[in-house]
Student: 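The following block contains the structure, expressed as structure tokens.
Here is the naming used below: chain letters follow the sequence lines, and residue numbers restart at 1 for every chain. Because only heavy atoms are used, hydrogens play no part in the values below, and waters and symmetry mates are left out as well, while side chains stay in.
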Amino acid sequence: MKLLEYQAKQQFAKAGITIPAGRLARTAEEAEAAARELGRVAVKAQVPVGGRGKAGGIAVVDTPEQARAEAGRILAMDIKGYPVRSVWCETGLDVAHELYCGVTLDRDRRRMVLMLSGAGGMDIEQVAETRPEMIAKLWPDPFRGPQAYEIRQLAFTALRAVPALADRTGRLASALVPLVQTLYRLAVSLDAVTCEINPLVITASGDLVAADGKLEVDENAEYRHRDLAAELAVDALGDDGASGDDPFEVEAKRRGLTYVHLDGDVGCIGNGAGLVMNTLDLVKAAGGEPANFLDIGGGARADVVRNALDMVLSDPKVRGVFINIFGGITRGDEVARGIIQARDELGITKPLVVRMTGTREEEGRELLREAGIVPGVSAVDAARQIVELTRQGE
Amino acid sequence: MKLLEYQAKQQFAKAGITIPAGRLARTAEEAEAAARELGRVAVKAQVPVGGRGKAGGIAVVDTPEQARAEAGRILAMDIKGYPVRSVWCETGLDVAHELYCGVTLDRDRRRMVLMLSGAGGMDIEQVAETRPEMIAKLWPDPFRGPQAYEIRQLAFTALRAVPALADRTGRLASALVPLVQTLYRLAVSLDAVTCEINPLVITASGDLVAADGKLEVDENAEYRHRDLAAELAVDALGDDGASGDDPFEVEAKRRGLTYVHLDGDVGCIGNGAGLVMNTLDLVKAAGGEPANFLDIGGGARADVVRNALDMVLSDPKVRGVFINIFGGITRGDEVARGIIQARDELGITKPLVVRMTGTREEEGRELLREAGIVPGVSAVDAARQIVELTRQGE
Amino acid sequence: MSILIDRSTRVVVQGITGREGSFHTEQMQAYGTNVVAGVVPGRGGATHLGVPVFDTVSDAVVATGADCAFIIVPPPFAADAIMEAAAASVPLAVCVTEGVPVHDMIRARAVIDASSTRLVGPNCPGLLTAGECKVGFIPNHVARPGKVGVVARSGTLTYEVIQGLSQAGHGQTTAVGIGGDPVLGLTFTDVLDLFREDDATRAVVMVGEIGGSDEEAAAELIAAGYPKPVVAFISGRTAPPGKRMGHAGAIISGNTGTAQSKIDALTAAGAVIGDTIEDVVRLVGERVGAPSGR
Amino acid sequence: MSILIDRSTRVVVQGITGREGSFHTEQMQAYGTNVVAGVVPGRGGATHLGVPVFDTVSDAVVATGADCAFIIVPPPFAADAIMEAAAASVPLAVCVTEGVPVHDMIRARAVIDASSTRLVGPNCPGLLTAGECKVGFIPNHVARPGKVGVVARSGTLTYEVIQGLSQAGHGQTTAVGIGGDPVLGLTFTDVLDLFREDDATRAVVMVGEIGGSDEEAAAELIAAGYPKPVVAFISGRTAPPGKRMGHAGAIISGNTGTAQSKIDALTAAGAVIGDTIEDVVRLVGERVGAPSGR
């Protein structure tokens, strides 16, 4: 669950991190009103992807009239597939220096990593690649959290690399202690996999202000943040209920399915991400093009299977579906019932190839056979079969 | 810093622990109004000591008129030296069973201890003494806090000892997990040395309700809870600015001094609790009676010494003062300056005996001598001297 | 011989009375696993599927000497169940729960690291020592005893590989599904270390997938001198970069974690790569010799 | 010989530029303590009292090989300073700060327990090895070298005892003021264990006070067979029960922690009790023999 910039900033502000004054505008008129209130502002497109500045999604304006005009232009844009539904109008900062400060999941260390750099701003990813020593890292004990002395150490390491900051390193290190602790606690309390401030601006008067923010919440923990998700849903979907994402993926998400839309014509369903990825590989190896990735997960019951088939077939490009089931926690008979029910109720006429093995495979195969669907055992054979069947229609 | 019952309960409620509906009343009329609103209530004296029930400080009333009468009676009481300044009017509970649940500092383990018992209520201290196995204990890791499984374990241990609860042990254990976690987090966030619910009532409908509460905040951490301290000051001191404590101790607290009022006539001042306790012992051994304990602490400067002398002499029973200084972090010259200044400005005529040794003793003694005060070196001799001098006046 | 579990393993099931807990406990019993206890808070004293149920893991361990915890509880309770097993000093905990919040797992993993407990999972199919014991839900009939160790991130691919090996006559010692979550217990390197010490294991099949760098870490271990042949398979070759493929871990980040980077690292380290599962089976055959007769 | 510190000890002062930090660093230097560094965040690169100042303890340790941290910082920063010393693996940290919140100390103590660092304090006068080194603020001229170990909760009483011993000609090995807070580092038993192993220490004076049960724990250790005579003094005999005597720890709770319970426990264990400091000095004399010449 990715928050938009303004949503992330609202979380920062609530936690006590300073952000520039700003107003959200969903129309050019609202942007004009915001500029009238705030004066000189930056009008910033609210989209859940990076690179909006380079795409023309940010404009600095001096008058309310300009704000209206630029907001109108930006609200008509589509950035990397995301239509702009709102702009954040924000007062400018008197920037003395830009830092980077972020918390993100480090898989290798099995912990969150805190990163701080004196080289903040748009090029931080390039800095990470070319001058990794410019980014100081800390892996706090998950129960203790980052201690003040650890953050000071991190700050001294990061800031010593920036000669321009030499005269204020001590003051900055002190000021960063509460800010970094707040950011880390916020990340943990929101179950964030990423929570970053970039740039973290040092203003001419020496204050630390979060000029941009990124916040992504762990999907497994969304049940603990229903309020946030509900608020997001309103904002992300706007009035017409659609988002900038692929419409099939939006629909899949609504249905609670793990689905990725691809370009081909062979629908693919399986239980378990690895198996589905391999199913895609097998279809490709057999000369076909997968239309999607759809993992019904472990322990999926009949209704989930029906839901999945309905989803895959909603893509008109799909010419047939390969269902690859190796029962572990998933039980063959349950899946079989779902397939049969879906075929009958949805009136599916396109080819279905079902490969079924594993837990309760006998029961499952028997059900399929009774319903007139021939179950396969080998995934390789089944993949060849579905590719052949879908090619026949060409 | 000890909170009153209603203040502790307000903290519980804010944290999400259920408390009975109640209203604070500072007059009989307010109690009447509360009873009109709440119906049948218990009128409970708000004093920072235990045993108020046995002292007649709690009355259960059926009508607003009774509430007025009883509140009037209780507000005129003085319980163990504490005049009752307010009563808490609270709706009664349909009690099925009483538990005990508390968090307190365990010096021996150097941690907080969580305690849970199926034998809650007024006699919990007796239970602790006679049937300690009825109280289950847990010493959570201070960074991890109590985990759900630990609390369940604690609950099963405590509740198995109560056959009457056998049929609902599982449900209770589940319900206690969030409650105990909340109580522990509250204790830590408030820097509490004690935070307890007794009794924790299981109502007839199966809810857990905090029917009484005790909360004491670590004095060393009061700087982190200034809001709470300010709120308390209003309540504890009432309109006339005095509390139920010994007026000398109240005054000492206002002055920021560590002072205990005693019954004798020899004023005692020293640097360090151990030294002052020993000073008291020495005065007693020499046949005198200490009038007080006053520790000026480590590193005390001249103004603190002056403040201390002024405080000790405000007790008219005091016939002379023994100042016992062994400089470590405290410096002899600073203390000497404070003594001389106090003597001169306050016009002290009662006998002063100063024993001075340790850090900067030479400088300190020199200053005293110049000012006409003969400094002693031996604490034993100095104690004898002050006892003699104070006896002379008899 | 085998690793982690065998016919003497005594299993306590945390969440034994749930729908999935019951079903898979029965499957495990059918496979021959010695399930000695269940744990369900508040159900202590009951009997379920022929085994005694306790309120706490600690009670179960004291009463039955359980030395392996099978954790099959809903996601919000998984980390707590893992910590409870660790606090009871159970030597091995196997958590199959899918969807455990990553911050929960970060904390649980820190507890595991400070304990004497080994953790497999979460979000994994568990493990199986062929013909002796299974803890988790690898299907009962796919494995057969033999000389090949299997370690895999993906659950269902684990089954595919086991089935492929068995059908070709190459039995297994132990198959371990480590799971695909970003924060988990045993990793490829941990399991490779265990197989190194197991005399019965003559070759190891390792099934990786895109995301993370555990396969790269395994490559380093192999490059440092691994005494047994390793045949590897990496799934997700056709995955488009940056697309999320269901496993939270299966996100391609930076320039590591791609199928190609893993294949390159493993090849350089001396492992052989199978392009398909058939390939894997053939490559194993070349290394462990003719299949043992059926 | 001595315990914990000697002339080779290299001290880093956390908070060296503060008013108290400066004064007592000078006093320590005057006593002969080898102060090698100071730490003040943001003052790295400066020199103060002739020693280099660093931003972090870790920097100071790397640059100077400091093996003892003297912590003299305001209460809100004390626990963090202790943890920083522990993280830098400084073998001994001495914190004299008074008024540290007890929850801070509970956390700091947990960190210390998981580290290789020994902690003395907080709210203590520190320690002194006679004629060699002092860390803290035991007055410079009261001690003289000899054979008596001293361990005390109260700061100023520590000085009294040392002075009394010295004036009677009974010099000291090391005197340790452990502090009177409810949660602290080394306790009586820890220091008694250290004196046990120190050949130069022939007798130990232990100065306890009301509150807590550390004196009772020490009695248990002595009763289990302690090879050196222990002379004990307990202050606070005239303290009224339940009254708070300044030290957070000096609260009488339940039926333990009273002066009498401590005296009884120690007497039963085989320690001798001095009723006054003069008494203590006399009893020490009876045990270590005639004073060494001055």
Student: Mind checking whether B/N324 and D/E160 have side chains closer than 4.5 Å, heavy atoms only?
Tutor: yes
Student: To the nearest 0.5 Å, what is the distance between CD (D/Q27) and OG1 (B/T359)?
Tutor: 5.5 Å
Student: Using a strict cut-off of less than 4.0 Å between a Lys/Arg side-chain nitrogen and an Asp/Glu carboxylate oxygen, indicate whether B/R110 and D/D214 qualify as a salt bridge.
Tutor: yes
Student: Is D/D181 paired with B/R107 through a side-chain N to carboxylate O contact shorter than 4.0 Å?
Tutor: no
Student: Do B/D108 and D/S213 meet the criterion of a side-chain donor-acceptor pair at a distance under 3.5 Å?
Tutor: yes
Student: Does D/F137 reach the side chain of B/R331, with side-chain heavy atoms less than 4.5 Å apart?
Tutor: no
Student: How long is the straight-line distance from CD1 of D/I72 back to CD1 of B/I329, given to the nearest 0.5 Å?
Tutor: 4.5 Å
Student: Measure the OG1-CG distance between D/T97 and B/N220 for me, rounded to the nearest 0.5 Å.
Tutor: 11.0 Å
Student: Considering only heavy atoms, which portion of D/I277 lies under 4.5 Å from any heavy atom of chain B: side chain, backbone, both, or neither?
Tutor: side chain
Student: So what's closer than 4.5 Å to chain D heavy atoms on B/A128: side chain, backbone, both or neither?
Tutor: neither
Student: Given that the side chain runs from C-beta out, which part of B/R224 has a heavy atom under 4.5 Å from chain D: side chain, backbone, both or neither?
Tutor: side chain
Student: Which bit of D/R107 comes within less than 4.5 Å of chain B, counting heavy atoms only: side chain, backbone, both or neither?
Tutor: both
Student: Find the distance between CG (B/N278) and CG (D/L157) and round it off to the nearest 0.5 Å.
Tutor: 5.0 Å
Student: Within the structure provided, determine whether D/V102 and B/V193 are in side-chain contact (heavy-atom separation under 4.5 Å).
Tutor: yes
Student: Under a 4.5 Å heavy-atom cut-off, does chain D meet the side chain of B/E222, its backbone, both or neither?
Tutor: neither
Student: Could you measure the distance from the NE2 atom of D/H141 to the CD atom of B/E361? Nearest 0.5 Å is fine.
Tutor: 3.0 Å
Student: Would a 4.5 Å heavy-atom cut-off, applied to side chains only, mark D/R109 and B/R111 as touching?
Tutor: no
Student: Which one, B/S378, B/A192, B/A285, leads in non-hydrogen pairs under 4.5 Å with chain D?
Tutor: B/A192
Student: Is any side-chain heavy atom of B/V188 closer than 4.5 Å to a side-chain heavy atom of D/I106?
Tutor: no
Student: Which value, rounded to the nearest 0.5 Å, describes the distance between D/F233 atom CZ and B/D281 atom CG?
Tutor: 6.0 Å
Student: Please classify the contact between B/T357 and chain D as side chain, backbone, both or neither, with a heavy-atom cut-off of under 4.5 Å.
Tutor: side chain
Student: Looking at B/N271, B/D141, B/L275, which has the largest count of heavy-atom pairs under 4.5 Å with chain D?
Tutor: B/L275
Student: So do B/F326 and D/T158 actually touch side chain to side chain, heavy atoms under 4.5 Å?
Tutor: no
Student: Of all the heavy-atom pairs spanning D/P139 and B/G327, show the shortest one and how long it is.
Tutor: CG-O, 2.8 Å
Student: For each of D/V96, D/I138, D/V142, D/V100, tally heavy-atom pairs with chain B at distances under 4.5 Å, and name the one with the top tally.
Tutor: D/V100
Student: Tell me which of these, D/G126, D/P125, D/P101, has more heavy-atom pairs under 4.5 Å with chain B than the rest.
Tutor: D/P101
Student: Under a 4.5 Å cutoff for heavy-atom pairs, which residue among D/N140, D/L184, D/D113, D/V111 has the most contacts with chain B?
Tutor: D/L184
Student: Might you point out which heavy atoms bring D/E278 and B/V380 nearest each other, and give the distance in Å?
Tutor: OE2-CG2, 2.7 Å
